[in-house]
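Written below as structure tokens is the structure these notes are about.
Hydrogens, waters and symmetry mates play no part in the numbers below; they use all other heavy atoms, side chains included.
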Amino acid sequence: MAAAALAVAGIAATPAVSHADPAGHQVTYTVTTTSDLMANIQYMNSDPPSQAAFNADSSKYMTTVHAPITGGDPLVYTTTLVNPNQWAIVTASGGLRVNPEFHCEIAVDGQVTVSQNGGSGVTCSTRPW
């Protein structure tokens, strides 16, 4: 009887299924270091259609930046990804005579999901690569 009432009301009696937001999620990549230096930064700026497509030409989906960074001041990059759990990644590296102690974070829709520290380089990713 309850199932019939749900069917009449137009309500499906199936469990809810979660889908990625087709409009995407705001992904914010933040990189800091303790020293002033030229940093090499790469981050995913758009969702590849597949891992094979990414492997074939990652430059279509990754942005590469060679930028000065001031110790303690964050470099912030923002993009929109449909599936950040699959594709969000940022790497940063740079060399000095002493380790610059990099720190990276990935925030999805304003919530920090990944945070890492590293010496002369660091990687933050929402999945293992």
Are [X] and [Y] close enough that some pair of their side-chain heavy atoms sits under 4.5 Å apart?
X	Y	result
Ile89	Met62	yes
Pro74	Thr30	yes
Pro49	Tyr61	yes
Tyr77	Thr63	no
Leu37	Ile69	yes

On a heavy-atom basis, which atom in [X] and which in [Y] lie closest, and how many Å separate them?
X	Y	value
Val76	Thr28	CG1-CG2, 3.5 Å
Gln86	Arg127	O-NE, 2.6 Å
Ala92	Val31	CB-CG1, 3.6 Å
Ala67	Leu75	CB-CD1, 4.4 Å

With no hydrogens and no angle check, is any side-chain donor or acceptor of Asn40 less than 3.5 Å from a backbone partner on Gly94?
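Checking the backbone N and O of Gly94 against the side chain of Asn40, no donor-acceptor pair under 3.5 Å is found.
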
Q) Are any side-chain N or O atoms of Tyr29 and backbone N or O atoms of Met44, one a donor and one an acceptor, separated by less than 3.5 Å? A)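 Between the backbone of Met44 and the side chain of Tyr29 there is a qualifying donor-acceptor contact (under 3.5 Å).
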
With rounding to the nearest 0.5 Å, note down the distance linking [atom1] in [X] to [atom2] in [Y].
X	Y	atom1	atom2	value
Ser93	Met38	OG	CE	11.5 Å
Thr79	Asn45	OG1	CG	5.5 Å
Phe54	Trp87	CZ	CH2	7.0 Å

Could you list the donor-acceptor pairs under 3.5 angstrom formed by side chains in residues 99-110, with sequence neighbours left out?
| unit_1 | atom_1 | unit_2 | atom_2 | d |
| --- | --- | --- | --- | --- |
| His103 | ND1 | Gln116 | O | 3.2 |
| His103 | ND1 | Asn117 | OD1 | 2.6 |
| His103 | NE2 | Glu105 | OE2 | 3.2 |
| His103 | NE2 | Ser115 | OG | 3.4 |
| Asp109 | OD1 | Gln26 | N | 2.9 |
| Asp109 | OD2 | His25 | ND1 | 2.6 |

Applying a strict under-4.5 Å side-chain criterion to I, L, V, M, F, W and Y, I'd like to know whether Val65 and Val90 cluster together.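 Yes.
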
